Amino acid sequence: MSARPIFVVAGIGNGTGTGAASARLFAKSGYRVALVARNAEHLSALAAEINSAGGEAAAFPVPDYAYQTVLGVFDTIGAHAWPSAGAGEVRAALWNASGGAFKRFFDVTEADLAGSVEGNVTAPFAFARQAITAFRRNALDARGRRGTLLFTGATASVRGNVTTSSFAAGKHALRALSQSLAKEFGQENIHVAHAIIDGGILTDRSVSYRPAEFKTNEDIRLNPDSIAQAYLYLTNQDRSSWTWELDLRPAHEKW
Ligand SMILES: NC(=O)c1ccc[n+]([C@@H]2O[C@H](COP(=O)([O-])OP(=O)(O)OC[C@H]3O[C@@H](n4cnc5c(N)ncnc54)[C@H](OP(=O)(O)O)[C@@H]3O)[C@@H](O)[C@H]2O)c1
């Protein structure tokens with residue numbers, strides 16, 4: 001029996017959003033899941049939850065999303081001894097982390113800007129470099145691919161707004177990175193896809209600053225589990241019909 005493929009996901013937050021939902025779904029779908037984020041406690045809790053449900057997950061906490069840190073975590077993942085047999089190949093990866101501040105332009109600090117550049121340009125650049133390097137070692141699978149690299153975008157990936165000067169600049173750049181990679185590495189049967197999440201995602205954090213209706217009204221927010229389903233769909237596409245970009249929004253979103 002061949003080893004389970006590995007799904008690397010970066011950006012897990014407190015375990016209630018898109019990163020964690022994707023980890024759970026990919027684990028259920030037969031992937032080993034390498035969890036990368038800054039909060040070691042939340043990571044361990046999610047890994048324990050997935051493992052106790054019969055999946056296979058391991059936590060790889062990072063102190064920050066600096067370029068060298070992100071490069072290095074892939075080496076750690078590569079050296080990890082998974083409980084089940086075989087080394088396994090990295091076949092899917094998701095950059096879900098981000099950065100930047102929601103502030104009027106003259107309130108944006110140099111640190112806010114640096115956070116957006118790190119979370120949306122520098123770190124995903126390093127992440128892509130390592131994911132693609134790993135995919136290049138893989139033979140073509142039954143659907144003609146070596147691997148799938150996914151990026152979580154936002155409305156700000158395609159539209160700026162009054163408080164998004166730093167965030168939108170970063171998210172636009174992330175989208176441009178993903179498109180460039182899709183064109184360059186499609187030639188090597190590596191699938192790169194970007195998802196514009198055009199609306200609020202239901203997480204513990206987002207309910208804390210949105211109106212009460214956001215928690216209860218399914219028409220006005222995105223369910224992280226549904227986003228994860230879209231990511232699995234992208235990952236399962238065969239090479240004859242690849243999506244580079246999709247956009248997802250709740251039914252009643254004004255857009
Ligand atoms: N939430 C929304 O309404 C929304 C809407 C559109 C697009 N997005 C995009 O979706 C991705 C995030 O997914 P998500 O919103 O579903 O959440 P998520 O998967 O839980 O990820 C949360 C992200 O925020 C970071 N973070 C920073 N401070 C945090 C805190 N105090 N508590 C929790 N997380 C914190 C996390 O970093 P660590 O994992 O390193 O801790 C993680 O990268 C981002 O790319 C974001 O731009 C979000």
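Just so you know, these numbers come straight off a predicted model, no measurement behind them. Indexing begins at 1, ligand by ligand and atom by atom, following the structure's order.
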Same apolar cluster (I L V M F W Y, side chains within < 4.5 Å links), F151/L234: no

Within one Ile-Leu-Val-Met-Phe-Trp-Tyr cluster: F135 and V33, side-chain cutoff 4.5 Å: no

Geometric class of the F102/F167 ring pair [parallel <30°, tilted 30-60°, perpendicular >60°]: tilted

Proximal ligand 1 atoms for [X], defined as those under 4.0 Å from one of its heavy atoms:
X: A97; result: 43 (O), 45 (O)
X: I12; result: 20 (O), 39 (O)
X: F167; result: 47 (O)
X: G19; result: 19 (O)
X: R210; result: 3 (O)
X: S98; result: 44 (C), 45 (O), 47 (O)
X: A37; result: 38 (P), 39 (O), 40 (O)

Applying a 4.0 Å heavy-atom criterion (strictly less than), which segment of [X] is in contact with ligand 1: side chain, backbone, both, or neither?
X: R205; answer: side chain
X: T152; answer: both
X: N96; answer: both

Would you say [X] touches ligand 1, if touching means a heavy atom closer than 4.0 Å?
X: T16; result: no
X: K171; result: yes
X: Y65; result: yes
X: G200; result: yes

Residues, nucleotides or ligands: over 12 heavy atoms within 6.0 Å of R129 CZ: no

How far is [atom] from its nearest protein heavy atom, and which residue and atom is that?
atom: atom 6 (C) of ligand 1; answer: I197 O, 3.3 Å
atom: atom 4 (C) of ligand 1; answer: I201 CD1, 3.4 Å
atom: atom 25 (C) of ligand 1; answer: R38 NH2, 3.6 Å

Donor-acceptor side-chain pairing of T152 and Y231 below 3.5 angstrom: yes

Side-chain donor-acceptor contact under 3.5 Å, Y233 with Q229: no

Please check: side-chain N/O of [X] versus main-chain N/O of [Y], any donor-acceptor pairing under 3.5 Å?
X: R4; Y: A27; value: no
X: H191; Y: T243; value: yes
X: R175; Y: V158; value: no

Among G153, G199, S206, A20, closest by any non-hydrogen atom to atom 7 (C) of ligand 1: G153

Heteroatom distance test (T18, ligand 1): nitrogen or oxygen, under 3.5 angstrom: yes

Closer than 4.0 Å: a protein non-hydrogen atom to atom 23 (C) of ligand 1: no

